[in-house]
Amino acid sequence: MKTTDELQQLLTAVAHQEIGVDQAAQQLQQQQTIDDLGFAKVDLSRQQRNGYPEVIYGAGKTAEQIIGIIGSLKQHAENILCTRVSPAKFALIQQVEPTAQYHEMAQCVVLTVKAIPQTTTTIAVVTAGTSDMAVAEEAALTAEVYGNRVNRIYDVGVAGIHRLFEHLDEIRQAQVVIVVAGMEGALASVVGGLIDRPLIAVPTSIGYGTNFGGLTALMTMLNSCASGITVVNIDNGFGAGYAASMMNHLNSGEKN
């Protein structure tokens with residue numbers, strides 16, 4: 001699949017009568033939309049369909065498989081995000097891709113091929129505790145890779161709710177708010193009742209026995225009485241960051 005720049009060049013050539021319509025149509029029909037690597041079928045047309053290129057989920061893949069997918073995406077001038085990558089895997093990836101950046105807290109690899117304009121509006125990423133930061137960083141980094149300004153507000157959970165109130169003005173300035181919380185997951189409801197922006201709640205697996213690996217926080221968030229809350233899966237920082245980015249890009253970049 002042609003990139004946006006390549007499509008613009010092709011259409012300009014047609015407009016200037018440098019090539020004919022039939023020739024241009026033939027070029028478009030011949031464009032590869034899937035790169036079959038054997039172990040993976042890389043979706044090369046996802047950015048044209050969805051606005052964002054394919055993201056590599058690193059857990060369960062070998063370093064060699066991740067390297068192969070990165071190589072395929074690089075050929076099509078797409079910025080690359082790979083989530084859930086261990087330090088050991090990144091050490092092997094870096095040998096082949098020395099410009100790749102590793103974000104250890106988020107366990108994400110980023111390879112920047114082209115610059116993305118930043119939004120003027122902000123996504124706030126709020127955590128209940130320091131222990132939720134790994135998931136929050138996955139969300140924040142995902143949003144940043146897609147050109148969003150991110151404001152991190154960490155460790156403001158309900159056990160010391162005065163900490164939240166100190167940052168409430170900052171949170172209210174955001175276009176979209178992501179709340180990451182484990183234990184009982186109450187922070188999402190508290191924040192949701194204090195803001196007039198979309199809120200994406202991320203339950204984490206942080207907590208003692210009856211947290212049930214995040215199920216308790218998930219159920220609390222799903223049953224919130226605060227309006228405007230959307231809940232993603234347990235520990236799914238990437239999903240929250242991706243959805244928040246889509247929301248933040250819906251308008252021209254200015255708040256209503």
Main-chain N/O of Lys114 paired to Thr112 side chain as donor or acceptor, under 3.5 Å | no

Is it true that a side-chain atom of Asn211 and a backbone atom of Met183 form a donor plus acceptor pair closer than 3.5 Å?
-> yes

Nearest atoms (heavy-atom pairs only) where Ser224 meets Ser189 | OG-OG, 2.7 Å

Is any side-chain heavy atom of Pro203 less than 4.5 Å from a side-chain heavy atom of Val231?
-> yes

Over all heavy atoms of both residues, which pair between Ala63 and Lys89 is shortest? Give the atoms and the distance, please.
-> CB-O, 3.9 Å

Give a yes or no answer on whether the side chain of Thr127 reaches the backbone of Met133 with a donor-acceptor pair at less than 3.5 Å.
-> no

Only one of Thr120, Thr122, Thr121 passes side-chain hydrogen bond (donor to acceptor under 3.5 Å, both in side chains) with Arg149, and that residue is Thr122

Any Phe238 side-chain heavy atom under 4.5 Å of Leu141 side chain | no

Hphob cluster co-occupancy, Leu218 + Phe212, side-chain heavy atoms under 4.5 angstrom = yes

Heavy-atom donor-acceptor pair, Arg197 side chain to Val177 backbone, under 3.5 Å | no

CG (Asp235) and CD1 (Ile206) are apart, to the nearest 0.5 Å, by 7.0 Å

Separation of Leu199 CG from Ile178 CD1 (nearest 0.5 Å) | 9.0 Å

Please name the pair of heavy atoms, one in Gly213 and one in Ser205, separated by the smallest distance, quoted to 0.1 Å.
-> O-CB, 3.4 Å

When every non-hydrogen atom of Gly182 is compared with those of Asp132, the smallest separation belongs to N-OD1, 3.3 Å

Give me the ring orientation class for Tyr146 and Tyr242: parallel if the planes are under 30° apart, tilted from 30 to 60°, perpendicular past 60°.
-> perpendicular

Tightest non-hydrogen contact, residues Leu81 and Cys108, listed as CD1-CB, 4.1 Å

Sub-4.5 Å side-chain heavy-atom contact between Leu73 and Leu111 = no

Verify side chain to side chain donor-acceptor pair (under 3.5 Å) between Asn248 and Thr119, making sure each step is shown before the conclusion.
-> CA-CA 8 Å; Asn248 198 34; Thr119 59; 3.2 Å; yes

Kindly indicate whether the side chain of Arg152, heavy atoms from C-beta on, has any atom under 4.5 Å from the side chain of Glu137.
-> yes

Is Ile123 reachable from Val202 through a run of hydrophobic residues whose side-chain heavy atoms are each under 4.5 Å from the next?
-> yes

Exactly one candidate in Ile66, Ile70, Leu92 meets side-chain contact (heavy atoms from CB on, under 4.5 Å) with Glu97; the answer is Ile70

May I ask whether Val158 and Met221 are part of the same hydrophobic cluster, defined by side-chain heavy atoms of I, L, V, M, F, W, Y residues being less than 4.5 angstrom apart, directly or through others?
-> yes

Flag side-chain contact, heavy atom, 4.5 Å: Leu194 against Arg172 | yes

So how far is it from Leu215 CG to Ile234 CD1, rounded to the nearest 0.5 Å?
-> 4.5 Å

Looking at CD of Glu170 and CD1 of Ile153, how far apart are the two atoms once the value is rounded to the nearest 0.5 Å?
-> 4.5 Å

Quick one: which of Val55, Ile116, Ile80, Val110 gives a side-chain contact (heavy atoms from CB on, under 4.5 Å) with Val145?
-> Val110

His167 versus Val126: any side-chain heavy-atom pair under 4.5 Å?
-> no

Consider only side-chain heavy atoms of I, L, V, M, F, W and Y, link residues closer than 4.5 Å, and tell whether Tyr154 and Val180 are in one cluster.
-> yes

Determine whether Asn148 and His249 make a side-chain contact, defined as any pair of heavy atoms from C-beta on separated by less than 4.5 Å.
-> yes

With a 4.5 Å heavy-atom cut-off, do Asn151 and Gln173 have their side chains touching?
-> no

Drop me the distance from Leu187's CG to Leu164's CG, to the nearest 0.5 angstrom.
-> 6.0 Å

Could you tell me which non-hydrogen atom of Thr142 sits nearest to which non-hydrogen atom of Gly241, and how far apart they are?
-> CG2-C, 3.9 Å

Inter-residue atom distance Glu138.CD - Asn236.CG, 0.5 Å rounding | 6.5 Å

Hey, any chance Met105 and Val125 share a hydrophobic cluster, counting ILVMFWY side chains that come within less than 4.5 Å of each other, even indirectly?
-> yes

Above 12 or not: heavy atoms from other molecules or residues under 6.0 Å from CD of Glu104?
-> no

